[in-house]
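See structure below.
Numbering of residues begins at 1 and proceeds along the displayed sequence.
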Amino acid sequence: MKTYDIVIVGGGPAGLAAAVAAKEAGNDSILILERDHELGGILNQCIHNGFGLHTFKEELTGPEYAYRFIKQVLDLGIEYKLNTMVMDIAEDKTVTAMNREDGMFQIPAKAVILAMGCRERPRGALNIPGYRPAGIFSAGTAQRLVNIEGYMPGREVVILGSGDIGLIMARRMTLEGAKVKVVAELMPYSGGLKRNIVQCLDDYGIPLKLSHTVVDIEGKEHVTAVTIAEVGPDRKPIPGTEERYTCDTLLLSCGLIPENELSRAAGVSMSPITSGPVVNESLETNIPGVFACGNVLHVHDLVDYVSEEAKRAGQNAVKYINDGCKKAENDNVIELVATEGARYTVPSTINVDRMDDLLTVRFRVGDVYKDSFVSVYFDDERVMHNKKRIIAPGEMEQIILKKTQLTEKAGLKKITVKIEKE
Ligand SMILES: Cc1cc2nc3c(=O)[nH]c(=O)nc-3n(C[C@H](O)[C@H](O)[C@H](O)COP(=O)(O)OP(=O)(O)OC[C@H]3O[C@@H](n4cnc5c(N)ncnc54)[C@H](O)[C@@H]3O)c2cc1C
């Protein structure tokens, strides 16, 4: 089998942007491995618009956005293999994959970019009482059925979970003639973007019931009704608040989890908060030469940020190879700490010598904060204090650090990101 400098696992927006950036940074030996029968990842089923406002200053559909990158991959002559499942990544960066034409094969690589995306949280983990009849789908599966396969999952719909996919599907099902009766959300806030609540629920008069969950599913062969109830601060249903909705479909939109079985098996250190790899300023994991980007690293709200992050992963993979595939020095490393409302940061550490002039640090919060400040401390000194009208878990936040700021502060050991009331 041929060897490649860079093997990219996943041909979604992250893998495509990483490949284009690596090629443009001067590397000609790149291979994308994609298990699906086409490039583009999850965007192929997202036929709604709203993609690319940051990157292209235009409103594109998911497939249109993906195609902009697929075209660049084709124009640049970057190699890719479809219908090819990556099974294993060894610590020496030998990638084992399988497809019908080649069978099982191995590719030794100098650098590997993890870009496997994420998957929906499985229903089994949600402990809903009641029967397990037909008519229960994850929102993403329903999206694929409606937008790609051309099937309607049902006509009367209840949605549990207000993540973006659930919100988008509330609108989609309505446009296709279904009646979406309610969206129930366990948390006291939505897990989705504000713009999706307005454009997908409010505009269609679909009620969103926060602090509510499904407590019963009726129907032996097929769903016939769903009962929801209000939950208290302990997230337990409050007796007497039950409301029964007759319906034939229950869609579940209860969160996404990075697709990290491969990363874990490869020995990549994982964050218990994001369920994605722990990375440094170069988006490099604890295994030198293994980089991560996109939803496999942490679940993003906007694909524009995925593309931007993936571009850095591609460029850094080339830099790693050009520098002789050396392990990053561990001196002059600053730890990033998320606390008091901030749940995590990507990256987790910064090697000042290796960072670019500007470094975007992304994070999410664990609750809704109104009229609060995003604060950044260099050791004990507060250096950033940005007021925000609203900070919510559904929207990713970011701060930008300047290299000069960090080099000026000699001996800096820790950067803390937190949310403050004043
Ligand atoms: C339903 C939905 C609606 C969305 N709506 C919006 C929106 O309106 N606006 C917006 O900006 N963003 C939206 N997003 C977010 C955006 O689509 C994602 O942020 C983006 O697709 C993530 O890109 P990715 O490449 O990391 O992952 P993906 O697109 O999931 O791509 C990962 C790829 O890796 C492949 N893969 C995984 N494992 C393997 C393996 N072992 N071997 C080979 N290949 C593998 C997969 O098949 C897939 O093609 C939405 C996302 C979803 C799911």
Side-chain angles (χ1 to χ4, degrees), residues 4-25 27 29-44 46 51 55 62 65-70 72-73 76 78-89 93 95-97 107 109-119 256-266 268 270-271 274-280 282-285 287 289-300 302-318 320-321 346-347 362:
Y4 288 86
D5 280 358
I6 303 173
V7 171
I8 299 174
V9 188
L16 295 170
V20 169
K23 177 84 181 187
E24 286 176 347
N27 194 296
S29 174
I30 304 163
L31 177 68
I32 304 172
L33 298 174
E34 168 56 53
R35 69 181 171 193
D36 210 339
H37 62 278
E38 57 191 348
L39 295 172
I42 197 75
L43 290 191
N44 288 327
C46 301
F51 295 85
T55 313
Y65 184 95
Y67 185 68
R68 299 257 168 129
F69 285 90
I70 293 172
Q72 290 180 64
V73 164
L76 290 167
I78 296 170
E79 288 180 57
Y80 60 90
K81 277 181 183 287
L82 300 176
N83 301 308
T84 303
M85 178 82 180
V86 173
M87 319 286 289
D88 183 62
I89 302 164
K93 295 182 280 292
V95 176
T96 305
I107 304 171
K110 290 181 184 161
V112 173
I113 300 179
L114 307 171
M116 293 90 78
C118 62
R119 61 166 179 262
L256 300 163
I257 326 172
E259 186 99 52
N260 266 306
E261 283 65 28
L262 274 177
S263 322
R264 235 177 249 115
V268 168
M270 309 296 288
S271 155
T274 60
S275 302
V278 174
V279 292
N280 63 21
S282 306
L283 302 173
E284 188 182 26
T285 67
I287 304 180
V290 176
F291 298 80
C293 55
N295 278 353
V296 81
L297 177 55
H298 58 137
V299 174
H300 291 64
L302 294 182
V303 70
D304 305 73
Y305 300 141
V306 168
S307 306
E308 185 206 307
E309 184 181 271
K311 182 175 170 187
R312 285 173 43 221
Q315 290 166 340
N316 289 331
V318 175
Y320 167 82
I321 292 167
V346 169
R362 298 214 156 93

One should read off an interatomic distance between Phe291 CZ and Leu283 CG, to the nearest 0.5 angstrom, of 8.5 Å
I'd like to check Leu114 versus Leu262 (side-chain heavy atoms, cut-off strictly below 4.5 Å). Are they in contact? no
Could you grab the distance from atom CG of Leu43 to atom CZ of Phe69, nearest 0.5 Å is fine? 9.5 Å
Separation of Thr84 OG1 from Glu34 CD (nearest 0.5 Å): 8.5 Å
CD of Glu309 to CG of Asn295: how many Å apart, nearest 0.5 Å? 8.5 Å
By ring-ring contact (aromatic ring centres under 6.0 Å, His included) - contacts of His298 (at least two apart): His300, Tyr344
Sub-4.5 Å side-chain heavy-atom contact between Leu297 and Pro258: no
Just to verify, what does Arg264 make a salt bridge (charged side-chain N to carboxylate O under 4.0 Å, His left out) with, not counting sequence neighbours? none
Heavy-atom pair with the smallest gap, counting every atom of Ala292 and Val279: CB-CG1, 4.4 Å
At their closest point, which heavy atom of Ile6 faces which heavy atom of Ala317, and how far apart are they? CD1-CB, 4.1 Å
Other residues, nucleotides and ligands only: do more than 12 of their heavy atoms fall within 6.0 Å of NZ on Lys23? yes
Over all atoms of both residues, closest heavy-atom pair of Ile8 and Gly15: CG2-CA, 3.6 Å
Please name the pair of heavy atoms, one in Lys93 and one in Lys110, separated by the smallest distance, quoted to 0.1 Å. CE-O, 2.9 Å
Evaluate the side-chain proximity of His37 to Leu82: yes if any heavy-atom separation is below 4.5 Å, no if none is. no
Counting C-beta onward and ignoring hydrogens, is there a side-chain heavy-atom pair between Asp304 and Tyr65 closer than 4.5 Å? yes
Is the closest side-chain heavy-atom distance between Ile30 and Asp5 below 4.5 Å? no
With a 4.5 Å heavy-atom cut-off, do Cys293 and Arg312 have their side chains touching? no
Could you measure the distance from the CD1 atom of Ile42 to the CG atom of Leu256? Nearest 0.5 Å is fine. 8.5 Å
Interatomic distance, CG@Asn260 vs OG1@Thr274, rounded to 0.5 Å, equals 8.0 Å
